[in-house]
Amino acid sequence: MSEPTGKYSITMPRDIAEAAKARSGPSGLSAYVAAAVARQIERDNLNELIAVAEAEHGPIADEEIQALRDQLFQARRQQTPGGANAA
């Protein structure tokens with residue numbers, strides 16, 4: 001069962017609206033915009049968590065970030081067909 005919906009009026013630059021409309025596919029512009037807003041809310045929430053963690057523990061060093069990105073890349077690579085042998 002889907003969540004209840006409401007009708008809202010928003011204003012955005014015409015070129016962005018047209019690009020979104022062209023990409024929205026069969027699900028429609030409303031679903032496309034709702035998904036984009038949901039992703040932005042997730043990012044905002046993550047940024048808030050990062051700010052709280054950095055306030056408590058200090059900023060994360062660039063080297064630590066790169067090491068975690070490398071780990072994520074390797075994990076994703078191992079999940080692809082062909083595993084670590086995939087190019």
Side-chain angles (χ1 to χ4, degrees):
M1 179 175 278
S2 68
E3 294 290 322
T5 61
K7 189 169 186 164
Y8 301 92
S9 175
I10 62 168
T11 302
M12 70 175 76
R14 187 179 310 264
D15 60 334
I16 293 173
E18 291 302 320
K21 195 175 192 180
R23 292 179 172 263
S24 64
S27 62
L29 182 59
S30 291
Y32 189 86
V33 171
V37 171
R39 281 191 306 275
Q40 185 61 49
I41 291 169
E42 287 175 355
R43 287 179 176 159
D44 293 344
N45 289 340
L46 286 171
N47 285 332
E48 289 171 7
L49 287 173
I50 290 167
V52 168
E54 286 185 337
E56 186 173 331
H57 303 287
I60 301 170
D62 290 340
E63 296 80 20
E64 292 175 288
I65 293 171
Q66 188 57 50
L68 292 170
R69 283 184 175 147
D70 292 343
Q71 287 178 2
L72 181 59
F73 174 78
Q74 289 299 325
R76 286 180 176 161
R77 193 168 174 212
Q78 291 174 359
Q79 291 177 354
T80 61
N85 296 327

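All residue numbers in this chain count up from 1 along the given sequence.
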Determine all donor-acceptor pairs shorter than 3.5 Å in which one atom belongs to a side chain in residues 54-65; sequence neighbours excluded.
residue	atom	partner	partner atom	Å
E64	OE1	A61	N	2.9

Pair listing, side-chain hydrogen bond (donor to acceptor under 3.5 Å, both in side chains) test, anchored in residues 12-41, at least two apart:
Q40-D44
Got a sec, which residues hit side-chain hydrogen bond (donor to acceptor under 3.5 Å, both in side chains) with D70, two or more places apart in sequence or on another chain?
Q66
Could you give the distance from CG (N45) to CD (E42), rounded to the nearest 0.5 Å?
8.0 Å
Hydrophobic clusters join Ile, Leu, Val, Met, Phe, Trp and Tyr when side-chain heavy atoms are under 4.5 Å apart, directly or via other members; which others share one with V37?
I10, M12, I16, L29, V33, I41
Can you name the side-chain contact (heavy atoms from CB on, under 4.5 Å) partners of L68, sequence neighbours left out?
Q71
